[in-house]
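As structure tokens, the structure follows; a few thoughts come after it.
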Amino acid sequence: MGLVRKYERDTSRNKKVWIFSSSEKATLFYLWLVRTKKLPVTSRSGNPTMRASSTVLLCSIVLIQVFAAQIDPKRSRSPWQTLSGDAPLVIARGGFSGLFPDSSLPSYDLAKQTSVAGAVLWCDVQLTKDGHGICFPDLKLNNASTIKEVYPKRQKSYPVNGVSTQGWYTIDFSLRELSNVSLIRGIFSRSEKFDGKYAILTIQDVTTEIKPESFWLNVQHDAFYAQHNLSISGFLISASRTVSIDYISSPEVNFFRKIAGRFGSKGPSLVFQFLKKEDFEPTTKQTYGSILSNLTYVKTFASGILVPKSYILPLDDKHYLLPPTSLVQDAHRAGLQVHVSGFANDVDIAYNYNFDLLWIMVISLSMVCYCFSHVSRHATKQVDFLVISKNGASGDYPGCTDLAYEKAIEDGADVIDCSVQMSSDGKPFCSSSIDLTQSTMVIQSPFRNRSTIIPEISLDPGIYTFSLTWSEIQSLTPAIRNPFRVYNMFRNPNERNSGKIISLSEFLNLGKNSNSLSGVLISVEDAVYLREKQGLDVVKAVLDTLTETGYSNRTTTTKVMIQSTNSSVLVDFKKQGKYETVYKVEEEIGDISDSAIEDIKKFANAVVIRKPSVFPYPDSFVTGQTNVVERLHKSKLPVYVELFQNEFVSQPFDFFSDATVEINSYITGAGINGTITEFPFTAARYKSSLLSLVNPTSLPPAEAPNPVFTADDVTEPPLPPVTAKSPTSSTNAQAHRPSGQTRLTLSLRISVFASLLLLSSTFDIISSLFIMSFSFVTLASL
């Protein structure tokens, strides 16, 4: 019971695809074949190159619902703005090349299995010395294969587009010689676990083994091959007798002149590829920017164009979007389809997108086309879970500022949060860290000399909130957090110092006055130290502020949630108010004991755990699923999980380097009750999408439990009384950790067996989950 497909073709060989039934069984059948070793991937010699294992299948749940029948009616009724009115094409460049080596057999296979019906597989055609056509991403073999190791002395220099370039070229090797060469990743930030395992494929290999529904052949260097007495046009015409070719593209005008009329009236669609605007097209000697102004000329030899995405949505020098160009409309007036290239999950995108890579890969593109194209900002919520902010929309603005909170509310957060800190004069306010150097520009302020080391909090020097008065803190400039600076990834630099720090009372009034929020979350930490060493009672300050703002006397329907890692803090709040208490487990845990759960239930209404406590992912690959959520749910404790971020480096490869796929896996797969996120918009959009209706019964069973979180890790002594701060006391004092703050640190130990499974073979990893991002050519046929 796979997909039932029906196609209509026009003269330009456009495809219109209707999906009448779910592909869930087809997808699971494919996974079953892999797990039961009925679907080995073989090299050209016929020997299996990877072996299926019984590693737990944390399959990408998103794949099922992407194709589900619930979304088909909306698709067929949608007024797409493409030239033909059909849904945009999804074109997989080199297959699933964000994970597997470009143009490898499993890359093409997984692309076909997981993408939308009718997805187009892309092959960069290169010619060997003996005239065979292979699928390989470049003229030179050295960047994406093991050619240097196999033939270390056979590199040569050739002029390519007028520039002498050294490397190992396909024209210097026969197909037989290349049978000894394996494919590797061409982008070294991607996983190396699949390097050297797969053979280079001929065009015939792809069509025979994969049987693509649509096949796109790209000819990048026809002139180069002609200089070496090899004819790509002749090869394609000959190959078309046995290979179904749907699209042919090239950046060279002369190539289209060679093949004009050679394929007949039912031949492939011809697509002219634009390179950088300043580059010269070798036939006309004009820049591609110049040719762009004469699209009627392009129409004389092509039915479509392929352009970098910057041709349509250009960027300024700071990497922000400029107003869109009129290219799509201009091309449509000339009768040309528009295909857009340059999408990948692990490349820089405009800051406007806030690292939200939904549309960047084939899986995501399918979601864009069929799940999110009808979702408005105020769409009806499709699934019940809480979208909880982390310091507001702190991926967009400095955390805990007025702008971050306003953006979180605008983006659809259900609950906004405030990490409460205390000033030296006892004012509670919101700040992501007790150390102001982590959230403000205090180090550049007149207060920079107040830096000190407080071992109870950190062994590193800091400027702490209780070292400044509230008026001094208000004078500080906020700073956006950049957790992935080491990867040269920065958040919204135009707003990196925008907004103002707000007090707890301002935060609570903001929550009370919002019509869309269901609650506010107040996080309380370091209560013991503040009482014993600074004479500050943060619990009383929070309770007093709740009373002052009308929350304690029920004049507002906004729910109040109090969160802490310290059980004694929550016990205090339970005694003094009727607020929902949330216990945060800081450690990464693999299981939780009954006694620990019973202790938690005495003082908490819900639990927060970290992402690896649900899906452990050492070495950036998911190795299984714990039973922590299941056990907490059995005791009627809701589970919220942190921290969800949009940057692709924050997700395991298993989630396609896509924040939406990750959210879907935790919500539908693990059944969590809420996401704690720095980018509320992404989670809120998912919540309102049809994607969230995916069937949770498709999940695999969980692995055996890991080390247990016990009652000893929960129970803590009562909070000490507030100690008056001595006028002569110094925050530089190297005090010992107070006895009431002792906690046990848990370590998450992945079983040796699971680790061996992870590394033993390629399919051990694949069976854990469909992994990482699709890297492909186009979002749309516009």
Would you confirm whether [X], through its side chain, and [Y], through its main-chain N or O, come within 3.5 Å as a donor-acceptor pair?
X	Y	result
Asn566	Ser568	yes
Thr440	Leu476	no
Asp402	Gly499	no
Asn605	Leu637	no
Ser475	Glu472	yes
Ser424	Leu468	yes
Arg448	Ser445	yes
Thr401	Pro398	yes
Asp417	Asn391	yes
Asp435	Ile463	yes

To the nearest 0.5 Å, how far apart are [atom1] in [X] and [atom2] in [Y]?
X	Y	atom1	atom2	value
Ile592	Ser613	CD1	OG	9.5 Å
Ser503	Gln421	OG	CD	13.5 Å
Tyr397	Glu495	OH	CD	4.5 Å
Thr437	Ile443	OG1	CD1	6.5 Å
His633	Asn627	NE2	CG	12.5 Å
Gln576	Thr547	CD	OG1	10.0 Å

Salt-bridge present ([X], [Y]; N to O < 4.0 Å):
X	Y	result
Asp654	Lys611	no
Glu586	Arg610	no
Lys584	Glu642	yes
Glu580	Lys574	no
Arg685	Asp411	no

Phe644/Phe679 under ring pair (Phe, Tyr, Trp, His ring centres under 6.0 Å): CA gap, chis, key distance, verdict: CA-CA 8 Å; Phe644 289 87; Phe679 297 88; over 10 Å; no
Are [X] and [Y] side-chain neighbours, meaning at least one heavy-atom pair lies under 4.5 Å?
X	Y	result
Lys601	Ser635	yes
Phe573	Leu543	yes
Tyr579	Ser552	yes
Val649	Met489	yes
Leu504	Val542	yes
Met561	Gln563	no
Ile409	Leu510	yes

Pair Tyr529 and Phe466, ring centroids less than 6.0 Å apart: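 Yes, close enough.
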Tyr487 atom OH, over 12 foreign heavy atoms within 6.0 Å: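 Counting neighbours around OH of Tyr487, 12 or fewer heavy atoms of other residues, nucleotides or ligands fall under 6.0 Å, so no.
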Enclosure of Lys512 NZ (heavy-atom neighbours >12, cutoff 6.0 Å):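 Atom NZ in Lys512 is packed in, count exceeds 12.
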Of Asp537, Leu536, Val538, the residue whose pairing with Gln534 passes side-chain contact (heavy atoms from CB on, under 4.5 Å):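 One option only clears the test, and that one is Leu536.
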If you compare all heavy atoms of [X] against all heavy atoms of [Y], which two are closest, and at what distance to 0.1 Å?
X	Y	result
Ser394	Arg491	O-NH1, 3.6 Å
Tyr640	Val582	CD1-CG1, 4.3 Å
Ala659	Thr682	CB-CG2, 4.1 Å
Thr677	Ala683	CG2-CB, 4.3 Å
Ile453	Leu459	CG2-O, 3.8 Å
Val661	Phe655	CB-O, 3.5 Å

Aromatic plane relationship, Phe615 with Tyr666 - under 30° parallel, 30 to 60° tilted, over 60° perpendicular: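 Plane angle over 60°, so perpendicular.
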Plane angle bin for Tyr351 and His319 - parallel if under 30°, tilted between 30 and 60°, otherwise perpendicular: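 Rings of His319 and Tyr351: perpendicular, as their planes differ by over 60°.
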Polar side chain donor-acceptor pair, Glu598 to Ser595, under 3.5 angstrom: no
Residue pair Thr565 / Glu525, side-chain donor-acceptor N/O under 3.5 Å: yes
Residues Ser431, Ser439; criterion side chain to side chain donor-acceptor pair (under 3.5 Å); working and verdict: CA-CA 7 Å; Ser431 177; Ser439 59; 3.2 Å; yes
Audit row: Ile609, Val629, side chain to side chain contact (heavy atoms under 4.5 Å, CB included) steps and yes/no: CA-CA 9 Å; Ile609 58 177; Val629 175; 4.1 Å; yes
Salt bridge (charged side-chain N to carboxylate O under 4.0 Å, His left out): pairs with one or both residues in residues 457-469, sequence neighbours excluded: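 Qualifying pairs: none.
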Residues Tyr464, Asp526; criterion side chain to side chain donor-acceptor pair (under 3.5 Å); working and verdict: CA-CA 12 Å; Tyr464 292 95; Asp526 302 301; over 6 Å; no
Criterion side chain to side chain contact (heavy atoms under 4.5 Å, CB included) on Asp591 and Thr626, from CA distance to verdict: CA-CA 7 Å; Asp591 200 354; Thr626 73; over 6 Å; no
Salt bridge (Lys or Arg N to Asp or Glu O under 4.0 Å) between Arg531 and Asp572, worked out: CA-CA 13 Å; Arg531 282 192 174 194; Asp572 251 26; 3.3 Å; yes
Chi angles and distances behind the side chain to side chain contact (heavy atoms under 4.5 Å, CB included) call for Leu321, Tyr353: CA-CA 9 Å; Leu321 287 173; Tyr353 298 132; 3.6 Å; yes
Pair Tyr405-Ile502, side chain to side chain contact (heavy atoms under 4.5 Å, CB included): steps then yes or no: CA-CA 10 Å; Tyr405 290 126; Ile502 65 173; 3.5 Å; yes
Given Arg481, Lys407, Lys390, the one that forms salt bridge (Lys or Arg N to Asp or Glu O under 4.0 Å) with Glu678: Arg481
Check SG atoms, Cys400 and Cys418, less than 2.5 Å apart: no
